[in-house]
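The structure appears right after this line, and notes come after that.
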Amino acid sequence: MTTFKLSLALFLLIAFSSSLLVTCEARKGRHHQWRKHRVARRGYRDQHQHHHHSSGHTVSALKSDNYITQEDTKVSTAAAKNSPIYNVLDYGAKGDGKADDTKAFAVAWAAACKVQGSTVTVPSGSVFLVKPISFAGPNCQTDIVFQLDGKIIAPTGAGAWGSGLLQWLEFTKLQRLTIRGKGVIDGQGAVWWNDSPTYNPTDETAENSTEDSQTVDSYSGKMPRTKPTALRFYGSNGVTVTGITLQNSPQTHLKFDSCTNVQVSAVTVSSPGDSPNTDGIHLQNSQDVVISGASLACGDDCISIQTGCSNVYIHNVNCGPGHGVSIGGLGKDATRACVSNITVRDVKLQNTLNGVRIKTWQGGSGSVKNVMFANIQVSEVEFPIMIDQFYCDKGHCANKTSAVAVSGINYVNIQGTYTSKPAHFACSDSIPCTGVSLDTIELKSVQSGKHLYDPFCWEAYGDLKTNTLPPIDCLMKGKPSSSISSVQSAAGGYSC
């Protein structure tokens, strides 16, 4: 009996020890798997934190904090469901396209500004007539959403604009703002482009002009000389614009000035090809910008990149009609301009004046450097590839010695048809273009294999990575002489 008890105790001790070992190993395994998952996630985030250009520079387009876990998504979705919604109709907007809804928009915005993560809703099925308005911070809470599903139209009466304004709808000094939806912003720009008197209100509109429903088109006369931008963002960080349509702006459709961390996706811009100065998207003094999936048709540059811009990544964009994708004009009136780390790729341009262009004024200073134009498809484009350091939009511009330096410009896989000249490199005598590289360029004349004009080069230095069609033999190899380099230094061409 004693032997049996001893054996039983020994058996129980061994079984208990085994269970402890299994439990520990299981916990160790789970901990190991958790560590592997965490390391893998961290590696994925680190890998995607920056977009690397083949030219060596980077664009901080996709920040690591953009990659969120499934749990984060559940939390944010729940927060979105619980976030307050401020519908402009609840604040007195009529939405009939005739009454002045400006005050309702202002009051709804002021209420939303007090609550983090709130949403201002412009509902579908309504047309809202809104005068020039500024949706301002800096006292606004963060993560405000402007849900645009209806249509906003600009007044066409001169009285609403006074002596002239630079913008119509403006968002300024905000943190993490999103404009989204399937709605339309219509600048009704024809009355500006034609420089014609505004229409007189109809009898029906005049009848509706009461204290409760005032129209803003009650003043007849010529529109001001200053034409406004339709939608402008100023001094803001973390701006997202997605899904909306902007059309018929009096001037530029969408502008970002002094903004950081900007994302524009699936935006449509639409205005006639002969509407003056109606740029699609305009960037100025803005960094870390991603533009993708946009369809842009306008009367000027589809995308315009001005001084102070860096780390800009543009891809999967359709352009036409318009003047193409442009950097500049830079250096006007002897100013210093600095642009760097720009990538434009996977872009289609059809029936545009230019394809991809860099334009600078004589007499300026500063630099444009580290630019990549890749996978550009052109169709019936007048000048597919252009650098113009003698840009002048007036009748006459005086010759100047100093210039904005242009260096490190890479063209890769530019193909399609042109109507005038395949490539045009007009660079400064004193500060030539350097580091221009051409790789896989195949451009054909629309006139059945006949070149209208040969490629043009002036003081342009760089390398032909492959043979080009047509041959661009005018590009000079290597770097400019030391005497020219000394002039560059004296002019401060590369200083930014």
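Since we're looking at a predicted model, the values are computed, not measured. For the single chain, residues carry numbers from 1 onward in sequence order.
Taking 4.5 Å as the limit, some side-chain heavy atom of Cys457 sits within range of a side-chain heavy atom of Ile472. The shortest distance between side-chain heavy atoms of Pro224 and Trp192 falls below 4.5 Å. With contacts defined as side-chain heavy-atom distances shorter than 4.5 Å, the pair Cys259/Tyr234 does not qualify. Counting heavy atoms from C-beta on, the side chains of Gln350 and Glu380 never come closer than 4.5 Å. Residues Gln141 and Ser118 are not in side-chain contact: their nearest non-hydrogen atoms beyond the backbone lie 4.5 Å or more apart. Side-chain contact between Val264 and Phe256 is present, with heavy atoms from C-beta onward closer than 4.5 Å. In this structure the side chain of Lys479 never reaches within 4.5 angstrom of the side chain of Thr434, judged on heavy atoms. By the 4.5 Å heavy-atom criterion applied to side chains, Val325 and Val317 are not counted as neighbours.
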Give the intermediate values and the outcome of side-chain contact (heavy atoms from CB on, under 4.5 Å) for residues Ile358 and Val339. CA-CA 11 Å; Ile358 299 172; Val339 174; over 6 Å; no
Given the rule in the side-chain contact (heavy atoms from CB on, under 4.5 Å) test, do Phe233 and Val262 qualify, once you have shown the distances and angles that lead to the verdict? CA-CA 10 Å; Phe233 296 88; Val262 173; over 6 Å; no
Decide yes or no on salt bridge (charged side-chain N to carboxylate O under 4.0 Å, His left out) for Arg232 and Asp257, but give the supporting numbers first. CA-CA 8 Å; Arg232 181 196 186 221; Asp257 191 351; 3.0 Å; yes
Walk me through whether Phe373 and Val347 qualify under side-chain contact (heavy atoms from CB on, under 4.5 Å). CA-CA 9 Å; Phe373 298 114; Val347 171; over 6 Å; no
Worked verdict on Trp109 versus Ile144 for side-chain contact (heavy atoms from CB on, under 4.5 Å): CA-CA 9 Å; Trp109 174 261; Ile144 306 295; 3.7 Å; yes
For the pair Gln287 and Thr260, evaluate side-chain hydrogen bond (donor to acceptor under 3.5 Å, both in side chains) and give the outcome as yes or no after the intermediate values. CA-CA 5 Å; Gln287 301 82 43; Thr260 54; 5.8 Å; no
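Using the six-membered ring where Trp is involved, Phe105 and Phe135 have ring planes that are tilted, between 30° and 60° apart.
A donor-acceptor contact closer than 3.5 angstrom is absent between the side chains of Asn316 and Asp346. When only modelled atom types and interatomic distance are considered, Asn237 and Gln175 share a side-chain donor-acceptor pair under 3.5 Å. Neither side chain, Asp333 nor Thr335, offers a donor N or O lying under 3.5 Å from an acceptor on the other. Side chains of Ser304 and Gln306: a donor on one and an acceptor on the other come within 3.5 Å. With hydrogens and angles left out, the side-chain atoms of Arg180 and Thr242 include no donor and acceptor closer than 3.5 Å. Inspection of the Asn410 and Ser437 side chains reveals an N or O donor paired with an N or O acceptor under 3.5 Å.
Between Arg176 and Asp143 there is a salt bridge, with a side-chain nitrogen of the basic residue lying less than 4.0 Å from a carboxylate oxygen of the acidic one. Using a cut-off of 4.0 Å between Lys/Arg side-chain N and Asp/Glu carboxylate O, Lys359 and Asp301 are scored as salt-bridged. Using a 4.0 Å cut-off between charged nitrogen and carboxylate oxygen, Asp100 and Lys131 count as a salt-bridge pair.
Within the 3.5 Å criterion, the main-chain N or O of Thr440 finds a donor-acceptor partner in the side chain of Thr466. Side-chain atoms of Asp186 come within 3.5 Å of backbone N or O of Gln188 as a donor-acceptor pair. Using a distance-only test at 3.5 Å, with no hydrogens or angles considered, no donor-acceptor pair links the side chain of Thr352 to the main chain of Pro321. Thr119 places no side-chain N or O within 3.5 Å of a backbone atom of Thr121 that could act as its donor or acceptor partner. Side chain of Trp161 to main chain of Pro155: a donor-acceptor pair is present (N/O by atom type, distance under 3.5 Å, no hydrogens or angles). Remark: the backbone N or O of Gln247 is not paired with any side-chain donor or acceptor of Ser249 at under 3.5 angstrom. Side chain of Ser295 to backbone of Thr268: no donor-acceptor contact under 3.5 angstrom is found. Judged by distance alone, with hydrogens and angles left aside, the side-chain atoms of Gln389 form a donor-acceptor pair with the main-chain N or O of Val404 at under 3.5 Å. Distance alone, capped at 3.5 Å, is enough to place a donor-acceptor pair between the Thr468 side chain and the Pro470 backbone. Listed for the Glu170 side chain is no donor-acceptor partner under 3.5 Å among the backbone atoms of Ser134.
Atom CG of Leu475 sits about 10.0 Å away from atom OH of Tyr461, to the nearest 0.5 Å. With rounding to the nearest 0.5 angstrom, the NZ atom of Lys369 is 8.5 Å from the CG atom of Asn341. Interatomic distance, Glu382 CD to Tyr453 OH, rounded to the nearest 0.5 Å: 9.5 Å. Residue His323 holds its NE2 atom at 7.5 Å from CG of Asn354, rounded to the nearest 0.5 Å. Taking CD1 from Ile291 and CG from Leu283, the interatomic distance works out to 4.5 Å, rounded to the nearest 0.5 Å. Rounding to the nearest 0.5 angstrom, the gap separating the CD1 atom in Ile327 from the CD1 atom in Ile387 is 9.0 Å.
The heavy-atom pair separating Leu330 from Ile305 by the smallest distance is CD2-O, 4.4 Å. When all heavy atoms of Leu349 and Val381 are compared, the pair lying nearest together is O-CG2, 3.7 Å. Of all heavy-atom pairs spanning Ala136 and Cys113, the tightest one is O-SG, 4.3 Å. Residues Val88 and Ala108 approach most closely at CG1-CB, 4.1 Å, considering heavy atoms. Here the shortest heavy-atom pairing between Asp149 and Lys182 reads OD1-N, 3.2 Å. Smallest separation of non-hydrogen atoms from Ala460 and Phe425: CB-CB, 3.8 Å.
With 2.5 angstrom as the limit on SG-SG distance, Cys433 and Cys427 come in below it.
Of the residues listed (Thr229, Ile133, Ile152), the one engaging Trp168 in a side chain to side chain contact (heavy atoms under 4.5 Å, CB included) is Ile152, and it is the only one.
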